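Here is the structure we will look at.
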Number of protein chains: 2
Amino acid sequence: MPRPRSLSHDDLAAAALAVIDRDGLAALSMRAVAVELGMGTMSLYRYVSDREQLEGLVVERVLAGVDVSPPPGSWTDQVTALVERVRAAVRVHPEVVPLTMTHRHTSAALLRWTEAILGVLAGAGFTGRRRVLALRALLGHLVGSLQLEHLGPLSGAGTGIMAGLPREEFPLLAETAREAREVPPGEEFGQGLAVLLAGLRTFLAMDEG
Amino acid sequence: MPRPRSLSHDDLAAAALAVIDRDGLAALSMRAVAVELGMGTMSLYRYVSDREQLEGLVVERVLAGVDVSPPPGSWTDQVTALVERVRAAVRVHPEVVPLTMTHRHTSAALLRWTEAILGVLAGAGFTGRRRVLALRALLGHLVGSLQLEHLGPLSGAGTGIMAGLPREEFPLLAETAREAREVPPGEEFGQGLAVLLAGLRTFLAMDEG
DNA sequence: CGCTGTAGGCGTGCGGTGTACGCTTACGAC
DNA sequence: GTCGTAAGCGTACACCGCACGCCTACAGCG
């Protein structure tokens with residue numbers, strides 16, 4: 001009976017995401033989001049109990065569009081597609097990567113995605129503890145790659161520094177870093193995933209044979 | 001000729017680490033470290049130009065003790081040992097995990113470690129781009145596993161929530177989460193690494209054959 | 001011994017953060 | 001038209017990193 005809400009949770013998330021995309025994750029603050037929405041800072045707390053919860057809404061918004069239906073193909077193709085879709089969704093907003101780490105376990109979208117991955121793994125013959133470890137390994141690769149790519153891409157400054165390291169002390173590192181500068185992020189991620197899947201396939205074969 | 005320094009960089013790092021271990025990473029502040037050292041907040045800036053640099057010192061201290069000499073054995077055994085040593089060093093101070101992510105590329109200890117890993121990979125026959133991708137995959141697994149373990153261990157609350165999910169909507173997730181609660185973190189990490197190494201081995205064989 | 005210059009240590013203050021609390025005000029139902 | 005509820009906001013507090021300037025302990029020198 002009192003006045004109706006003028007904003008939805010998704011409006012909040014969109015405003016926060018706009019701040020992040022424009023000014024970076026460090027610029028995300030309750031005040032900044034309030035300005036973005038044209039309202040007072042404390043008004044946000046009518047919709048959200050916490051900065052924490054607002055961050056969760058942002059993550060949810062980023063991940064909400066991910067299609068969790070496995071495409072036709074082998075189980076490795078299906079896993080690859082599902083993992084690549086998450087990566088693609090996150091890469092559109094690189095600055096939210098740290099948030100996806102923190103709020104990983106509260107995202108409904110990610111729960112649905114995990115269920116889909118588990119479905120593929122189960123269909124491939126992974127059961128019990130093997131399935132737990134397979135999921136965890138895939139998740140580890142996804143998280144690790146996103147993190148590495150975000151705060152130290154192969155083409156970035158860190159690699160440049162390594163490439164210029166004294167060759168007598170770090171011969172391999174210097175050479176490898178020079179090589180690394182020419183590896184595009186997509187290939188890095190994809191090949192790493194392929195290695196992991198090859199390993200999982202041998203484990204599966206061990207189990208069956 | 002003026003009065004001598006009364007603190008070393010390592011003293012600062014030790015004090016900061018004490019704060020982190022006692023009160024958590026969120027409690028790390030220049031003021032808290034100063035209190036820990038029994039001095040004024042601004043005195044810290046005689047030793048350190050920045051909070052950023054102080055964090056770097058903490059990471060360096062945590063990683064400094066890691067032995068980078070590969071043990072005898074196969075190349076996979078050597079890689080496993082080196083990776084496990086970093087994991088062991090970081091696990092002593094779980095709260096610094098996020099810092100190790102951020103300051104990864106500025107740590108001298110980690111550079112030496114990377115050089116050692118590359119030495120093992122080179123000895124095993126990895127060259128050029130293959131070596132880049134192998135290193136990156138290993139680093140991805142290390143980072144991802146540390147991150148996952150830190151903010152969502154299999155035995156933690158998140159897994160418990162998943163285990164209690166509605167079975168009609170998330171049948172596999174609920175079942176897998178129940179199974180996951182009994183997987184110790186060490187096994188999770190070790191098996192994931194084993195899978196990755198199995199994959200790398202097949203890639204190496206492909207290259208040779 | 002006393003002087004002197006360097007650099008260690010510290011106090012204050014500024015602009016930022018998240019958010020607790022209480023007020024005003026718009027609105028739907030009677 | 002009146003009333004109750006909840007939306008929206010202003011103020012205030014405790015915390016943060018850090019710029020700036022002051023005071024002072026000390027090593028080297030005459």
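Lettering of chains follows the sequences in order, A, B, ..., and the numbering in each one begins at 1. Heavy-atom basis, side chains included; hydrogens, waters and symmetry copies ignored. Keep in mind the model is a prediction, meaning the values are calculated, not measured.
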Can you list the residues that meet the ring-ring contact (aromatic ring centres under 6.0 Å, His included) rule with B:Phe126, with sequence neighbours excluded?
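In terms of ring-ring contact (aromatic ring centres under 6.0 Å, His included), with neighbours along the sequence ignored, B:Phe126 is linked to B:Trp75.
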
Could you state the [atom1]-[atom2] distance from [X] to [N], rounded to the nearest angstrom?
{"X": "A:Glu52", "N": "C:dG18", "atom1": "CD", "atom2": "P", "value": "12 Å"}
{"X": "A:Arg51", "N": "C:dG16", "atom1": "CZ", "atom2": "P", "value": "16 Å"}
{"X": "A:Leu44", "N": "D:dC9", "atom1": "CG", "atom2": "P", "value": "9 Å"}
{"X": "B:Leu7", "N": "C:dC10", "atom1": "CG", "atom2": "P", "value": "10 Å"}
{"X": "B:Tyr47", "N": "C:dA7", "atom1": "OH", "atom2": "P", "value": "14 Å"}
{"X": "A:Gln53", "N": "C:dT19", "atom1": "CD", "atom2": "P", "value": "11 Å"}

Residues from residues 16-41 of chain A sitting under 4.0 Å of DNA chain D, heavy atoms only?
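Result for residues 16-41 of chain A: A:Arg31, A:Met39, A:Gly40, sorted by number.
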
Stretch residues 93-103 of chain A: residues that reach within less than 4.0 Å of DNA chain D through a heavy atom
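By residue number: none to list.
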
Got a sec, which residues hit side chain to side chain contact (heavy atoms under 4.5 Å, CB included) with [X], two or more places apart in sequence or on another chain?
{"X": "A:Ser8", "result": "A:Asp10, A:Asp11"}
{"X": "A:Ala163", "result": "A:Ala177, A:Arg178, A:Arg181"}
{"X": "B:Glu169", "result": "B:Pro166"}

Kindly write out the residues that satisfy salt bridge (charged side-chain N to carboxylate O under 4.0 Å, His left out) with [X], not counting sequence neighbours, or none if the list is empty.
{"X": "A:Arg31", "answer": "none"}
{"X": "A:Asp23", "answer": "none"}
{"X": "A:Arg112", "answer": "none"}

With respect to the phosphate group of D:dA7, does any side-chain polar atom (N or O) of A:Ser43 fall under 4.0 Å of OP1 or OP2?
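It does not, given that no N or O in the side chain of A:Ser43 lies less than 4.0 Å from OP1 or OP2 of D:dA7.
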
Review item, nucleotides 20-24 of chain C N/O atoms under 3.5 Å of protein N/O:
none

Sequence neighbours excluded, every pair satisfying ring pair (Phe, Tyr, Trp, His ring centres under 6.0 Å) that has a member inside residues 24-65 of chain A
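Non-adjacent pairs meeting ring pair (Phe, Tyr, Trp, His ring centres under 6.0 Å): zero.
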
What is the minimum heavy-atom distance between A:Glu95 and A:His150, and which atoms define it?
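So the minimum-distance heavy-atom pair works out to CA-NE2, 4.3 Å.
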
Minimum-distance pair of heavy atoms, taken over all atoms of B:Glu60 and B:Ser107
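So the minimum-distance heavy-atom pair works out to OE1-OG, 2.9 Å.
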
Do any side-chain atoms of residues 12-19 of chain A form donor-acceptor pairs under 3.5 angstrom with protein atoms, and if so which ones, sequence neighbours left out?
none

